[in-house]
S.K.: 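A single structure is presented below for examination.
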Amino acid sequence: MTDVTKKIYLASPRGFCAGVDRAIDVVEHAIRLYGTPLYVRHEIVHNRYIVESFRTKGVVFVDNLADVPRGSAIVFSAHGVSPAIRQEAQTRELTIIDATCPLVTKVHREISRFARLGFTILLIGHKRHAETEGTMGEAPDQTIIIEKREDAERVQVANPHKVAFLTQTTLSIDDAKEITTILRERFPHIVGPKRSDICYATTNRQEAVKFLAQKAELILVVGSPNSSNSNRLREIAAGQQVQAHLLDTASDLLPKWLEGISSVGVTAGASAPEVLVQELLGALQQYGFHDIEEIRHTEEKITFQLPEILAMQLQRDDS
Ligand code: SF4
C-alpha cells in the first residue's frame, strides 16, 4: 500500500508588502540614528513577532503622545495618523519620522481633497482600525464610516449630489465591491477615487489565496489577529468553502486541523515575516507534508523610498 502524498501549496506573493518593508526599515534606521528608547506611535505594523523583536531592541510603542518625553523622536506607524496627532507631535516638539505607507497617504490626500470641495465622504472601513482613525481624522465632520452593507443601505447624507466614497487599503475586494454597488444605486452621483484605494498587495494576496483554495483542502494564513489584511485572507479562503485558520506562529498549529488532510495551502498577510512562514513549513513537515509547490500568481516589484528625514541623514553619514 502506498502513502497518500501530502502536499503544500505555497502562495506567491505572500507576506511583506512594500509599505511594511519600508516601515521596518524606518524603525531600524531610526534606532541607529536616534538611539533608544525610540518611540513608535502604535504598533509599527500589525504583527506580534515584529513588535516584540523591536521591543527587545529598545523600541517603546505608545498610543498616546503624552507618554513620549518632549523633544524625542517619534515614528508614526505604517497605518498613518490624523492631522490632530501630527499637530500634537509638533506642539510637544517631537521629531517626526513618518513611516505611513505612501498608499495610505494617498487616501489621506483624497479625503482632504473631497472635504475641501464640500463633499460628504463615505469611508468604507473598520471603525477601530488605526488606518481608518487616521484617514477619518482628515475631515471628521464630513466623514461617515461604512463598515458593512447594512450601513450602506441606511446611511443618509445632506446632499446626495455631493457625496464621495473611499476605502481602507486592506479591505476584502469583494466586500468593498458589494458595498460600493449599494452606494452607487442609492447615490447615482457618488464619486470615488481614480484608482481603487485597496492596495496592490491586498489585491494580489487575496487573488492568490483564491487560487490556493481551488487546490488545497486546508488554508493556513500566517498573520496576527489584529492584522486586517491577514484576517481578510482567512475569511476569503473560508468563503471558498475551505477550512481556513489564522496563525500568529507555527506553535498555533493544531494537529487536529491536519487529520485526513492531504493538501495544505499556506499564505501570509502583508505584515507577516517570511521567517514565520518557513517555521510553519517546518512544522508541517513533521506531519508528513514534504512536497512544496509554489503557486505564483504575480510578481511584485514595488518598493518605497525612506522618508526624507532619514534619507538625508543617511546620505550625510555616507559622505
Ligand atoms: S498593505 Fe498596502 S497599504 Fe498597507 S502597508 Fe502594505 S502596501 Fe501599504
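Indexing begins at 1, ligand by ligand and atom by atom, following the structure's order.
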S.K.: Please determine if Lys148 and Asp151 form a salt bridge, counting it only when a charged side-chain N lies under 4.0 Å from a carboxylate O.
M.R.: yes
S.K.: Can you tell me the protein heavy atom closest to atom 4 (Fe) of ligand 1 and the distance?
M.R.: Thr169 OG1, 4.0 Å
S.K.: Regarding Cys17, does it place an N, O or S atom less than 2.8 Å from atom 2 (Fe) of ligand 1?
M.R.: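 So Cys17 does not bind atom 2 (Fe) of ligand 1 by this criterion.
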S.K.: Atom 1 (S) of ligand 1: which of Ala23, Pro102, Gly19, Cys199 has the nearest heavy atom?
M.R.: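 Selected option, by shortest heavy-atom distance: Cys199.
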S.K.: State plainly whether the residues Asp175 and Arg149 are in salt-bridge range, i.e. N to O under 4.0 Å.
M.R.: no
S.K.: Is there a side-chain contact between Leu247 and Leu280 (heavy atoms, below 4.5 Å)?
M.R.: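 Yes, close enough: below the 4.5 Å cut-off.
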S.K.: Return yes if some donor-acceptor pair links the side-chain N/O of Gln206 with the main-chain N/O of Ile173 below 3.5 Å, else return no.
M.R.: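 The answer is yes, because a donor-acceptor pair under 3.5 Å joins these two groups.
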S.K.: Which ligand 1 atoms are under 4.0 Å away from a heavy-atom of Cys101?
M.R.: 3 (S), 5 (S), 7 (S), 8 (Fe)
